[in-house]
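So the structure is just underneath, and the comments pick up after that.
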Amino acid sequence: MNDASIGIFDSGMGGLTVMRALMARLPQERFLYLGDTARLPYGTKSADTVTRYSVQAAGALVRRRIKLLVVACNTASGVALPALQEAFAPLPVIDVIAPGAEAALVASPRGPIAVIATEGTVKAGAYMRAIHARAADVVVTQTPCPLFVPLAEEGLIGGEIVELVAHHYLDPVLAQKPHALVLGCTHYPALKGVIAKVAGPDVLLVDSAETTAIRVEQRLREMDLLHSTAARPEHRFLSTDAPERFARVGEIFLGRRIDPEAVELVDLQ
Ligand code: DGL
């Protein structure tokens, strides 16, 4: 099983920011990424629908043989994790919320911590729970920023429009003087430049990608599932809509070229 891929899924291309951190940490591993672009966004849908979509997305990866699943979508991590763990046991499943909560507490052990995320993640209270499970007294606020997702998926990651939207969402959050701001949605790291500019130098931005990658490495090591050879791995991508667009826009999130030939169109059910 060591030579099998690490499966990653997200509702779209945002999870490629997590894959980027994973590739940097585990350069010998092969990745299989699924972006459910036909059904994005997950962040405004009900928990039942997101769970159903997540199980279908993970199923498509499992059928192609993976040794570990990364739920690189905060909304899916927040509502579908137990269903995924149950449906695909004993496959190890790593989410992005627990690592994000840990990273937030490293950045700001006493808070206050502000979380920005999709409506679904905020409604599920997933970050709040994960942070309070580790530090009950830390003040946590949660704010949905729904327009950030279509901006990032559109490749619009800087400039006047993005700054206006960032001010619209972040000014009330920043008025509460958080020490750390958690980018609790896989798409938000793509807008990090603008978010950092609006937040100013006193607020630490927390992105769970790096901590998630550390957790994946630990789990593979514990299970003795790390890839053994140093050959240059080939990565594959599955997209539920417009593979050409996936390859083109996905590069913004992955930070490197995606060969359109490596992207396969799939239908989930
Ligand atoms: N991937 C989602 C998340 O991290 C954001 C995009 C969406 O709403 O589907 O929450």
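Scope of the values below: all heavy atoms of this structure, side chains included, with no hydrogens, waters or symmetry mates. Every number for a ligand or one of its atoms is a count from 1 in the order of the listing.
Contacts of Val149 with ligand 1, taken as heavy-atom pairs under 4.0 Å, involve the side chain alone. Contacts of Thr75 with ligand 1, taken as heavy-atom pairs under 4.0 Å, involve both backbone and side chain. With a 4.0 Å cut-off on non-hydrogen atoms, Asn74 touches ligand 1 through its backbone as well as its side chain.
Here the closest heavy-atom approach between residue Met1 and residue Ile66 is recorded as CE-O, 3.0 Å.
Judged by distance alone, the side chains of Ser54 and Thr51 never bring a donor and an acceptor atom under 3.5 Å apart. Residues Asp36 and Ser11 bring no donor and acceptor atom of their side chains to less than 3.5 Å of each other. In this model, no donor atom of one side chain and acceptor atom of the other lie less than 3.5 Å apart for Ser208 and Thr211.
Screening Tyr169, Tyr188, Tyr127 against Ile116 for a side chain to side chain contact (heavy atoms under 4.5 Å, CB included) leaves a single residue, Tyr188.
Looking only at protein heavy atoms, the nearest one to atom 6 (C) of ligand 1 is Ser11 OG, 3.4 Å. Of the protein's heavy atoms, Asp10 OD1, 2.6 Å lies nearest to atom 1 (N) of ligand 1.
In terms of polar-atom proximity, Gly43 is counted as a contact of ligand 1, with an N or O under 3.5 Å from an N or O of the ligand.
Atoms of ligand 1 lying under 4.0 Å from any heavy atom of Tyr42, numbered from 1 in the order shown and given with element: 7 (C), 8 (O), 9 (O).
Under the 4.0 angstrom criterion for non-hydrogen atoms, Cys185 is in contact with ligand 1.
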Could you give me the CA-CA distance, side-chain angles and deciding distance for Tyr53 and Tyr42, then say whether ring-ring contact (aromatic ring centres under 6.0 Å, His included) is met? CA-CA 9 Å; Tyr53 286 179; Tyr42 283 9; 5.7 Å; yes

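Within the 6.0 Å centre-distance limit, the rings of His235 and Phe31 are counted as a close aromatic pair.
For the residues Ala117, Ser208, Cys73, Pro150, the heavy atom positioned nearest atom 2 (C) of ligand 1 is part of Cys73.
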